[in-house]
Amino acid sequence: MSVGFIMLVHEALDRAALVARHFCEHGKPVVIHVDKRVDEDNAKWLKQKLADCAHVVFCERHACEWGSWSIVQATQTASMVMLERFPQVRHVMLASGSCLPLRPVDELERYLSDRPRTDFIESVTTDEVDWTVGGLSQERFILRFPFSWKKHRRLFDAYVRIQRALKYERNIPDGLTPHLGSQWWCLTRQTLSAILQDPRRAEFDVYFSRVWIPDESYFQTLARLYSSQIESRSLTLSKFDFQGKPHVFYDDHLQLLRRSDCFMARKIWPQAEGLFRAFLTPSERLQNVVEPNPLKIDRLFGRATERRTRGRSGLYMQGRYPNEGWENGKTAGRYSIFEGFDDLFENFDSWLERRTGNRVHRHLFAADRVQFAGNVPVYNGGLSDSAALRDYNPASFITNLTWNTRGEHQCFMFGPHDTQDIGEFLASDGNAHISVITGAWAIPLFHSNSNFADLRKEAARLQRIEAAHLNLLRTGMTKARVSIWSLAEFIEDPMEKLQMILDELGGSGQRRLTEVPKMADLTGFGQFLQNLKNQGMSPHLMGDFPVIEGETRNDGSQRPYLVK
Amino acid sequence: MGLLKSYRLRLERRRWRARAFRKRRELSELRNRTQQIGSSDVLLFCTLRNERVRLPYFLSYYRELGVDHFFFVDNGSSDGTAEYLAEQMDVSVFHTEEGYKRARFGVDWLNWLQMRYAHGHWSLTVDIDEFFVYPFCDTRPIRALTDWLDASSVKSFGTMLVDMYPKGPIDAATYREGDDPFVVSPWFDSGNYTIQKNTKYGNLWIQGGPRARAFFYDNAERAPAMNKIPLVKWNRAYAYVSSTHMLLPRGLNLVYDEWGGEKTSGCLLHAKFLDIFKEKSAEEMERKQHFANSHEYKAYNQGLSDSPDLWCQWSEKYINWRQLEILGLMSKGNWA
């Protein structure tokens, strides 16, 4: 009882020689197929290199192109040589020149002799696979593929499209159910010889020679006809990335490969000196027959694919610059924008910071400089407080801020005094939560000591800016969560609204509002608005304020009542 | 992209190549060891002037990464740079006294050398103070990367320049021959880079870092570009357009993913801010041979004499590539 290896070799011949010698030294027969496209000198070199290995045999060479029938031919030829020349072989394992045995050959031998009738070949129906490249799973069995996928991709694709349009279908030979799976199998003599000596083999070969990538389906399909016991998995650890190209192992994967308990792995980078050294030297390990467990490796490569296809939300860098709409989140985390609150309440920012524990900035987009929390000149990640740097690329500023503080919730104030360019970005960002008290900018004007003509002008300007901003927030394109109150609405029941905002922020849990920010004195505000109106300006964003005091519920008391 | 635009870019590329071909006459061979180059060798290209003190570490760093052959264009050094390079067994040295600026900051010279020698090779184009860092660079040589890029049919590899600076005045970061510059100058900015897309060439235009923060805070547009594409599987039909910021054909500039994913990318650690820099910037001011009428150097000179400390509370201290990966300054992509 023994296991024999077939090696399909086309590059890194020196490494293939090492591995073949390793098998041979452990008394296992090896049949090597060298791709015909490898030049004669190199092929000769390999033969010489292995001349002293009695159990190493070279078979007739075929020119192998990726995805073509020739690879199956090479496998068939080598298999026949193996079965004829080494009658004691019970299991035949197919390997490539860039495979590396991870466990001692004797462990494999024992594992297989415990399962003498089992064929290890990944073999699944086309409905169950999701790893096929180009979406061709069932179609690879019923369409024709006269053009090379690697060399003439456009012709290949066009021909597929034409056949789809014409609803062309080849007939699958009777009795075959197409199965797919990893190219790297380990079959019993019984199954393998049954496939190779099948009276209908000529028919099957003609059929499969026109299937796309037959090396992933020929043995996988035919084994289903003859095998008494199929374990649908490969003993060779071989992972493919999202483009269908095999992942490569390097020296730094040593521990991972060790712990995987897989028998064989591919592809190994030919210059991964450390791996070849570690796995091809006789080990002191106890003979154990544990099952292979590539879970950790699966996870590693799964994460890599995730990184390549989805990336990290909110990150913009030299390798990731998503088109509009493809960001998976424009920013790295949620943040809140408060507009008008610091006009209505004194020290709103420090109150909010105390209540929520979040980082609360003042006006990040103030015209003269960035007002970071704590008034610092430089913030996380080296963000500068320079308005020029910020305004040069405001979107970058906000994505940088959220990226640099990921895990923290940022809050900042915004208003019509600030530079407005960022408005569109904020509105379109699903991570932004914008709360607006419209018209609150009039309160500081009301309290100021300027000439009324100037006040009126300023009020008109600010109202224009805020109105434009509100229009932006109200378009159908807005993805941000937006709450808008007019000043009059808000002061009707400020406590309820503040409580709502705190609940949304989640920082203070379910605690009741006990401490409230001090509200600005609005005595005479109605008259102020009326004066603006009288002078020909129309202040409409504040909502309705009665001119005569005492008619509103909030009759100018400085502390609004608490909500129970 | 329209046919017309594509045709224009083709003409432009042809112009750059013709220019490089013309400029070949400005180069004389000091030592040509190119017959040693093997068919799969990784090549490095660099223009320099009076950088003798930086050379030993530079060469050993890149030899360690697995660069097989170095090309240097010595632009009129007087400090023994050329002589030192000529002694190195894996170096080919070319010499010129012509203007750096008129050769578009050395791009023409290197384009010529690449056209002549780099066809079919992976070619790394860096300045003498730029140190290439890529995912797994501490355990995998550059050949592992280029083999993987080959297998993935990727022809160019994107990086960002990361300015490294000392804590305290730049004068105090003493650099001695053979030293790792990042021992005295290990700090960098992790999150203040801005990105725009250049619609003409398709590359990203990245600015920011400590230079923008300290020297260009009132003139952000002029801040130097940090996007670089230094590693390219060269073809004689290619040409760098402006430094290594972008090249033609345009497809080579698409080193970033546009559908949300991350492409594998690296960094160039920029060992600029060392005590030797101040002299250098004074000299460059005099020669007026640098970008934008030496505007950049003017800013430095001013900045350096005013407040020469780039360090701030949020500066990060360099540890390894994994740190840069976590900070989002580079990405493993799907290379695992």
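Here is the naming used below: chain letters follow the sequence lines, and residue numbers restart at 1 for every chain.
Contact annotation for B:F188: neither backbone nor side-chain heavy atoms come within less than 4.5 Å of a heavy atom of chain A. Contact annotation for A:N404: only side-chain heavy atoms (C-beta onward) come within less than 4.5 Å of a heavy atom of chain B. At a 4.5 Å heavy-atom cutoff, the contact between B:Y193 and chain A is made by backbone atoms alone. Looking at A:R390, there are no atoms closer than 4.5 Å to chain B (heavy atoms on both sides), in backbone or side chain. The contact between A:L315 and chain B is made entirely by side chain atoms (from C-beta outward), counting heavy-atom distances below 4.5 Å. With a 4.5 Å cut-off on non-hydrogen atoms, B:S153 does not touch chain A at all. Both the backbone and the side chain of B:M330 come within contact range of chain A, each with at least one heavy atom under 4.5 Å from a heavy atom of that chain. At a 4.5 Å heavy-atom cutoff, the contact between A:Q271 and chain B is made by side-chain atoms alone. In this structure, chain A has no heavy atom under 4.5 Å from any part of B:K228. Neither the backbone nor the side chain of B:I229 comes within less than 4.5 Å of any heavy atom of chain A. Only the side chain of A:N328 comes within contact range of chain B, with at least one heavy atom under 4.5 Å from a heavy atom of that chain. In this structure, no portion of B:S315 lies under 4.5 Å from any heavy atom of chain A. Looking at B:E316, there are no atoms closer than 4.5 Å to chain A (heavy atoms on both sides), in backbone or side chain.
Counting only N and O atoms by type, the side chains of B:D147 and A:W269 include a donor and acceptor under 3.5 Å apart. Between the side chains of B:N334 and A:D241, at least one donor-acceptor pair of N or O atoms lies under 3.5 Å. Using modelled atom types, one finds a donor on one side chain and an acceptor on the other under 3.5 Å when comparing A:Y392 with B:Q196.
Between chain B and the options A:N380, A:L389, A:V376, A:T399, heavy-atom pairs under 4.5 Å are most frequent for A:N380. Of the listed residues (B:C267, B:A212, B:G158), the one with the most heavy-atom contacts under 4.5 Å to chain A is B:A212. With respect to chain A, the highest number of heavy-atom pairs below 4.5 Å among B:A151, B:S152, B:P210 belongs to B:S152. Contact count versus chain A (heavy atoms, under 4.5 Å) is highest, among B:S331, B:S190, B:G328, for B:G328. Between chain B and the residues A:H247, A:K239, A:R310, the most heavy-atom pairs under 4.5 angstrom are made by A:R310. Top candidate by heavy-atom pairs under 4.5 Å with chain A, chosen from B:I206, B:T159, B:D218, is B:T159.
Considering only heavy atoms from C-beta on, B:W148 comes within 4.5 Å of A:K245 through its side chain. Side-chain contact between A:N393 and B:Q207 is absent, with no heavy atoms from C-beta onward closer than 4.5 Å. By the 4.5 Å heavy-atom criterion applied to side chains, A:R320 and B:K263 are not counted as neighbours. For the pair A:D251/B:T139, no side-chain contact is recorded, criterion being any heavy-atom separation below 4.5 Å from C-beta on.
Among all heavy-atom pairs drawn from B:I195 and A:S396, the shortest one is N-OG, 3.3 Å. Here the closest heavy-atom approach between residue A:A388 and residue B:A220 is recorded as O-CB, 4.0 Å. Taking each heavy atom of A:R307 and B:G333 in turn, the nearest pair found is CG-O, 3.4 Å. Contact detail for B:K197 and A:Y321: the closest heavy-atom pair is CE-CD2, 3.9 Å.
Separating the CE atom in A:M317 from the OG atom in B:S265 is a distance of 3.5 Å, to the nearest 0.5 Å. Note: A:Y250 OH to B:L145 CG = 8.0 Å, rounded to the nearest 0.5 Å. Distance check: B:R213 CZ to A:D385 CG gives 11.0 Å after rounding to the nearest 0.5 Å. Atom CH2 of A:W403 and atom CG of B:L327 lie 8.5 Å apart (nearest 0.5 Å). Taking CG of A:N400 as the start and OG1 of B:T194 as the end, the distance is 8.0 Å to the nearest 0.5 Å. Within the model, atoms CZ of A:F397 and CG of B:N192 stand 10.5 Å from one another, a figure rounded to the nearest 0.5 Å.
Applying the 6.0 Å contact sphere to CD of A:Q255 captures more than 12 heavy atoms from other residues, nucleotides or ligands. Heavy-atom contacts from other residues, nucleotides or ligands closer than 6.0 Å to NZ of B:K155 number 12 or fewer. Residue A:W66 qualifies as enclosed at atom CH2: its count of foreign heavy atoms under 6.0 Å is above 12. Residue-environment remark: OH (B:Y217) stays at or below the threshold of 12 foreign heavy atoms within 6.0 Å. The environment of CD in B:E64 is sparse: at most 12 heavy-atom neighbours from other residues, nucleotides or ligands sit within 6.0 Å.
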For B:R140 and A:D252: C-alpha separation, side-chain torsions, deciding distance, then whether salt bridge (charged side-chain N to carboxylate O under 4.0 Å, His left out) applies. CA-CA 8 Å; B:R140 303 178 195 174; A:D252 46 74; 2.7 Å; yes
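In this structure, B:T244 has no side chain to side chain donor-acceptor pair (under 3.5 Å) partners at least two apart in sequence or on a different chain.
Ion pair A:R312/B:E262 flagged as a salt bridge, since at least one NZ, NE, NH1 or NH2 atom sits closer than 4.0 Å to an Asp/Glu carboxylate oxygen.
Checking side-chain atoms of B:W259 against main-chain N and O of A:P322 turns up no donor-acceptor pair under 3.5 Å. Remark: side-chain polar atoms of A:Q318 are paired, donor with acceptor, to backbone N or O of B:L329 under 3.5 angstrom.
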